[in-house]
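Quick note: numbers below take in every heavy atom, side chains included, and nothing from hydrogens, waters or symmetry partners. Quick caveat: nothing in here was measured; it's all calculated off a predicted structure. Here is the naming used below: chain letters follow the sequence lines, and residue numbers restart at 1 for every chain.
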Amino acid sequence: MCSDTALDYEVAQGRAQSFYARFERKDELQHQTHYCPGCGHGIANKMLARAIDELGIQDRTILVGPVGCSVFTYYYFDVGNIQAAHGRAPAVATAVKRSRPEAVVISYQGDGDLSAIGSAEILHAANRGENITVIFVNNAIYSMTGGQAAPTTLLGQKSTTTPGGRAADTEGYPLHMSELLATLEAPVYIERVGLGDNKQTAQAGRAIRRALENQVRGLGFSLVEVLAPCPTIWKMSPVDAQHWVRDVMEKTFPLGVMRDRTGEAMPKPAAPPSPALEEIPRILGVADEDLPQGNAHAVEGSREVDLEVRIAGFGGQGVLLLGEVLAEAGLDAGLEVSWLPSYGPEMRSGTSNCHVRLASGSIDSPLVSAPGILVAMNEPSLRKFDRSVRPGGWVIYNGSEFPADCARADVRVLALPFTEVAHQLGDARASNMIMLGALLEMTAVLPEASVGAALRRLVKNPRWIELDERALARGRALFREAYVEVGA
Amino acid sequence: MRKQLMKGNEAIVKSAILAGCRGFYGYPITPASEITEAAALYMPRCGGVFVQAESEVAAINMLYGAAAAGVRAMTASSGPGISLMQEGISYMAGAELPCVIADITRGGPGLGNIGSEQSDYHQVVKGGGHGNYRTLVLAPHSVQEMADLTALAFTLAERYRNPVFLLADGFVGQMMEPVEFPQQAVAAPTPGWAVTGSAETRCNVVNSLHMGVDELEAHVGELEKKYRLAEQREARAEEWQTDDAEIVLVGYGIVGRILKAVTAEARAAGIKVGVLRPITLYPFPTAHFRRLALRARLFVVVEMSNGQLVEDVRLALNGARPVEFVSRTGGNVPSHEDLFRYVQALARQLNPGARAEEECLAHV
Ligand SMILES: Cc1ncc(C[n+]2csc(CCOP(=O)(O)OP(=O)(O)O)c2C)c(N)n1
Ligand code: SF4
């Protein structure tokens, strides 16, 4: 109770603490809201403010306002205010709550906002069980924009976009959002209330308070749908509009509790404490002490290195890993390196390729359009890239017979049945490492220690490391044998 | 600092967390999904929030909420997803909320394909959404820049209270190169304007609505002031062998890398070529262009799009020098061999005398 000396009467129920003393929306009329007389929003606002007062959470409250007739809530509520885009308040509220778990976050929305444009956002916030409170004011119409139909508009109800009344055939049926959301597992509390008479209104107040309290207790998602009069757009007197809520609207949207798990719901566990800042580089795997020294097994002498390699094959042949080991070994050997994969449908269509560069100087482009070495793990890959190999370059081909029409006088070839050799070694999938072994022997740039270090960084399974090491050695030997033959 | 081999997309997330980012809200799309996946892994471990949203519309609005609550936050997407985010980006610019958005571009329009294109330039650099606003745009061309510019993006986002884009093509996102990171994670203080659910911030309002016409005009004016300041202070570009360049090649992202390779080859052939690579696409490095125009005779813009960056180059040069345009689209990449031949032909046109000499020599 408060008394104002300017008034010659006593105010029985004063302005809620959680409302500003003056509304600075307009220069004039700073003591009243912009809502029309008899508007459901005004009543819902008041009940919400009072619930905030009663729970003593004014400082902690963050109100996310919608687009619609209640767009100006930030002028009225003396709490933290965030104005959201049309329909998106539940998404905004989700992140506010997750960012500030101690805050009490309210998403206040109209029926157009929540059931039409924002139907996805409310559904998923509810389904994630966000610990927020949603106040859903359903007046069965788009009021702010002048009375167009909403998904909640009643059958037969006239609006500016259903001039003949809503017809189920063309506009479908009124959308029962509370019932719909109550089919989800996560929500804790969903109730539809009305502002059709004093009794209903009192119940609405209790429901709103309960929905807020649930959040304070950390229980999870709560939503209160408030059937609310809009005398202006409905073109009714405030009293008739109130009765229409009770006598007409309620028939389509029955009042009641759709979900109540407040009894059994347990407070959600708090997030584990954040690690100290000093811990972060280690957690991210970027702390110096956890990284290989680099330049550990530097390339001998001051040799100029500029390797441009293209590796191609079927997905599953280990094309990308071959390239990765090569690049990782180059880095270990103190070279500049780049690795660039083909990705997406190219990979899904069954073929895959990557570009690898190793250089002693800085690498301009990571794209290898004219490779010095082409590693072709199958015939389609050979045919795709054989013309691009630079004169004087090499093709390492997985196949005992090199297709005659791919032969070039200016390109050297090492063609061997690498898959079969791998099979003999113990697993056909090691063919990539045999081919890499041959490449390493051919180029004679990278120290073996670098290759070993790279392998152990990229392959975790000891059985595979052992096999891959044998495969690399086999590849080196194969190249030496073949090269001696060619040289002879 | 030691280097490690890492994908550009992963480097973004690690750099972001080191720069104090503690919120990631995203929706998967190739070729940006590794960013979302890395965030799913690392954000919670570092005390941050990760949410896979129901759509890019929701993701950007979650970003709005996180930023409003005073947390450094980011998202990542590609073409179609960025289109959906434009509404929220406009709201964030209007409400003056900082955030970082990584656009790892793909081919368009429509579903296009997932090949590498640079066709998001217009929607990212020119504002994209409704209303009078700009987004700051950084264009990395290496994995190291993916890391470094991500950290810069958070600084700029906060400095200007505005969304900042990292605009990179699929190649830069997918490729691996050695990268090094700062060894100290940054603490991000809560900005004073944030709404955090406390007594001190109770009076704060995050809002983009300004009902009065004069009020909105004043707000737009304030935003414009910020953008003018950014234009004066934040424009960046890399100049590569431009000192005596007659032909200046212009490109960003992976194209910048290819142009460097072309330059090396052209220089070896005695052609005076250099590269001007915009690092900020907005603010546009206009001063670099005007300065180089004093000496250069010709600019060549190379883009994996139908000609979007080239418009800004023409504006910057304002007719001072001719601008040629080379375009590849659909996920095709201009090869440096083709570009080299193109540059050779241009050089011959520019120096017909040299050409005659060359021919004489050839006939000796
Ligand atoms: C993206 C977008 N589309 C349309 C609008 C226009 N608009 C503003 S409010 C509104 C409908 C509001 O209806 P409701 O949510 O039921 O709230 P009410 O005004 O009835 O309280 C519409 C369509 C908008 N602001 N943004
Ligand atoms: S138009 Fe309807 S909903 Fe809007 S303020 Fe008036 S009565 Fe309320």
Apply side chain to side chain contact (heavy atoms under 4.5 Å, CB included) to residues A:Arg100 and B:Val71 and explain how you reach the verdict. CA-CA 9 Å; A:Arg100 303 287 172 194; B:Val71 173; 4.1 Å; yes
Any chance the side chains of B:Glu337 and A:Ser369 put a donor and an acceptor closer than 3.5 Å? yes
Relative to chain A, which segment of B:Asn204 carries a heavy atom at a distance below 4.5 Å: side chain, backbone, both, or neither? backbone
Are any non-hydrogen side-chain atoms of B:Val57 and A:Glu121 less than 4.5 angstrom apart? yes
Tell me, for A:Ala327 versus chain B, whether the close heavy atoms (under 4.5 Å) come from the side chain, the backbone, both or neither. both
Rounded to the nearest 0.5 Å, how far does CZ of B:Phe171 lie from CG of A:Leu367? 5.0 Å
In terms of heavy-atom pairs under 4.5 Å with chain A, the winner among B:Lys7, B:Glu10, B:Met62, B:Arg45 is B:Met62
Heavy-atom distance under 4.5 Å to chain B: side chain of A:His355, backbone, both or neither? neither
Most contacts with chain B, counted as non-hydrogen pairs under 4.5 angstrom, among A:Ala91, A:Ser274, A:Ala103: A:Ala91
So do A:Asp364 and B:Arg257 actually touch side chain to side chain, heavy atoms under 4.5 Å? no
Would you be so kind as to tabulate the donor-acceptor pairs closer than 3.5 Å made by side chains of residues 19-29 of chain B, with sequence neighbours excluded?
from: B:Arg22; atom 1: NE; to: B:Cys46; atom 2: O; distance (Å): 3.2
from: B:Arg22; atom 1: NH1; to: B:Ile17; atom 2: O; distance (Å): 2.9

Rounded to the nearest 0.5 Å, how far does NE2 of A:His124 lie from OG of B:Ser55? 8.0 Å
Test item: B:Ile254 and A:Pro366 side chains (from C-beta on) under 4.5 Å apart, heavy atoms: yes
Would you say the side chain of A:Val337 lies within less than 4.5 Å of the side chain of B:Glu177, judging by non-hydrogen atoms? no
Name the option with the most non-hydrogen atom pairs under 4.5 Å to chain B; the candidates are A:Val104, A:Asp78, A:Thr94. A:Asp78
So CG of A:Leu291 and CZ of B:Phe181: to nearest 0.5 Å the spacing works out to 9.5 Å
Please classify the contact of A:Ala370 with chain B as side chain, backbone, both or neither, using a heavy-atom distance under 4.5 Å. both
Rounded to the nearest 0.5 Å, how far apart are CD1 of A:Ile363 and OG of B:Ser142? 11.5 Å
Taking the side chain as everything from C-beta on, heavy atoms only, tell me whether B:Lys14 gets closer than 4.5 Å to A:Ile283. no
Please list, one pair per line, the donor and acceptor atoms closer than 3.5 Å that link side chains of residues 59-67 of chain A to other protein atoms, with sequence neighbours excluded.
from: A:Asp59; atom 1: OD1; to: B:Arg202; atom 2: NH1; distance (Å): 2.8
from: A:Arg60; atom 1: NE; to: A:Glu102; atom 2: O; distance (Å): 3.0
from: A:Arg60; atom 1: NH2; to: A:Glu102; atom 2: O; distance (Å): 3.3
from: A:Thr61; atom 1: OG1; to: A:Ile57; atom 2: O; distance (Å): 2.7

Highest number of heavy-atom pairs under 4.5 Å with chain B: which of A:Leu340, A:Val105, A:Asn81, A:Asp288? A:Asp288
Turns out that what part of B:Val205 lies under 4.5 Å from chain A's heavy atoms comes down to both
If I measure from the heavy atoms of chain A, does B:Val13 come under 4.5 Å with its side chain, its backbone, both, or neither? neither
Let me confirm one number: the CZ-OG distance from B:Arg72 to A:Ser99, rounded to the nearest 0.5 Å. 14.0 Å
Max heavy-atom pairs within cutoff under 4.5 Å with chain A, candidates B:His336, B:Gln184, B:Glu180, B:Glu87, goes to B:Glu87
Per-residue tally against chain A (heavy atom, under 4.5 Å) across B:Ala58, B:Ser90, B:Pro182 peaks at B:Ala58
Which residue out of B:Gly70, B:Ala185, B:Ala194 racks up the most heavy-atom pairs below 4.5 Å with chain A? B:Ala185
Could you walk me through whether A:Ile82 and B:Tyr64 pass side chain to side chain contact (heavy atoms under 4.5 Å, CB included), step by step? CA-CA 9 Å; A:Ile82 298 171; B:Tyr64 183 99; 3.6 Å; yes
Would you mind checking which part of A:Glu279 comes under 4.5 Å of any heavy atom in chain B, side chain (CB onward), backbone (N, CA, C, O), both or neither? neither
How about A:Asp290 and B:Arg2: do any of their side-chain heavy atoms sit closer than 4.5 Å? no
Gap between atom OH of B:Tyr91 and atom CD of A:Gln83 - 0.5 Å precision: 6.5 Å
Which residue out of A:Glu278, A:Lys97, A:Arg128 racks up the most heavy-atom pairs below 4.5 Å with chain B? A:Arg128
Student check: side-chain heavy atoms of B:Leu209 and A:Phe72 closer than 4.5 Å: yes
State, with a plain yes or no, whether a side-chain heavy atom of A:Arg457 is found less than 4.5 Å away from one of B:Gln4. yes
Among the options B:Ser208, B:Ser335, B:Pro178, pick out the one with the most heavy-atom pairs lying under 4.5 Å from chain A. B:Pro178
